[in-house]
Amino acid sequence: MENLLNIFVKSIFVDNMVFAFFLGMCSYLAVSKTVKTAVGLGVAVVFVLLITVPVDFLIEKYVLKKGALVWLGDGFSGVDLSFLTFMVFIAVIAAMTQLVEMVVEKYSPALYNSLGIFLPLIAVNCAILGASLFMQEREYENVLEATVFGVGSGVGWMLAIVSIAAIREKLRYSNVPDPLKGLGITFILTGLMAIAFMGFMGIKL
Amino acid sequence: MSNQEKEPWFSAKNLKLLTGPFGTNNPITVQVLGICSALAVTVKLKPAIVMALSVTIVTAVSNVVIAALRQYIPDRIRIIVQLVVIATMVILVDQLLKAYAFDVSKQLSVFVGLIITNCIIMGRLEAFAMANKPWPSFIDGLGNGAGYGLILIIVSFFRELLGSGTIFGYPVMEKVGAYSTGYENNGMMILPPMALIVVGLIIWAQRSRDKSLIEKK
């Protein structure tokens, strides 16, 4: 239990997807103009991560790893499909995104319209694939740990996009030098926020 | 001109595709694409250059493939088709890196895989390759990959020089004798936040020079 909590807190604050690894920056920069859409996209990302990371974990464990296919019979013990990792992970993500898109379209047309192109683009949001690849690299032991890591990463990403959206809403009333307007100041702000987040470094429960 | 017969291959329009991404149409600072995997690899010059080369190759080749197939790809499933093409290229690059440059491949860790979701590639496929012939698409891919690489190299140059005092691992600051004058490496530059701030400053510099790029509210 303590271990799970540790993974959760660590993936939100210490290994924050945006501030420590710059993942999902494209939609982070483009959809962070208002808090409302930012929250919507954040929830969608958390949801997609909640499903894809454990699914990818199981696929990795029972299909792709060297010797993972041994449950099919002894003849398969030497099969190593790990070179297919990228292909399989991205396929799972694309399928899940499609699912989320259909659910959102049905239950919240307003959110669907405001997210626009960025909903299908979750499929190419680096944070999603990144979480799966980090999950693979860090060798989590069971599916529960992988799930907690996935949700934590999603929550961390959401935290980042919602806070930058709030800052950008306020920023509209400030006098930023012209060449810095929009993209430039957002980069610098994100940098400053990342410095603040470094304060969490080394926290261990 | 000695290569007169090849002239239309490098017509003014194609050359513009190649050089545009270096300046007014830079994928990172103007189109805001591909920032995701760009910044984390810029602590040192060497991985940054390897990353830039990989992205350029993947962009150019998948642009050609998609441009060649563009009339046969059904509109509804084009994203999946594009992802499959990109993923195949990235797998090739990943396996090559593991075979011939293992240490760099380890440093880049998951970021090689993340080329798949690099928005530059998707963005160029959607915006250019789906509507153009293979050759211009190839040039466009090369240009955008190189424009991306340029920013990566600028950022990593400053981060390596100011953060570790080296260039390509060569201890420049030590040889210049900067340490004896009381100079210290700025450890901050190695940390992730500074990558963002350096890119922010590059954008500032670029937009101050070229006023047409300033965003209107």
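Given the structure is predicted, the values throughout are model-derived calculations rather than measurements. Side chains are part of it too, since the values below use all heavy atoms of this structure and drop only hydrogens, waters and symmetry mates.
With a 4.5 Å cut-off on side-chain heavy atoms, L83(B) and M87(A) do not count as touching. Inter-residue side-chain proximity for V199(B) and I188(A) is flagged as unmet; no heavy-atom pair is nearer than 4.5 Å.
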Criterion side chain to side chain contact (heavy atoms under 4.5 Å, CB included) on F187(A) and I197(B), from CA distance to verdict: CA-CA 6 Å; F187(A) 264 109; I197(B) 293 181; over 6 Å; no
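The side-chain contact (heavy atoms from CB on, under 4.5 Å) test with F86(A) singles out one residue from D94(B), T88(B), I115(B), and that residue is D94(B).
When all heavy atoms of I195(A) and P193(B) are compared, the closest pair comes out as CG1-CB, 3.4 Å. Nearest heavy atom pair, residue L196(B) against residue T190(A), reads CD1-CG2, 3.7 Å.
For I128(A), no part sits under 4.5 Å from any heavy atom of chain B, backbone or side chain. Only the side chain of A195(B) comes within less than 4.5 Å of a heavy atom of chain A; its backbone N, CA, C and O stay farther away.
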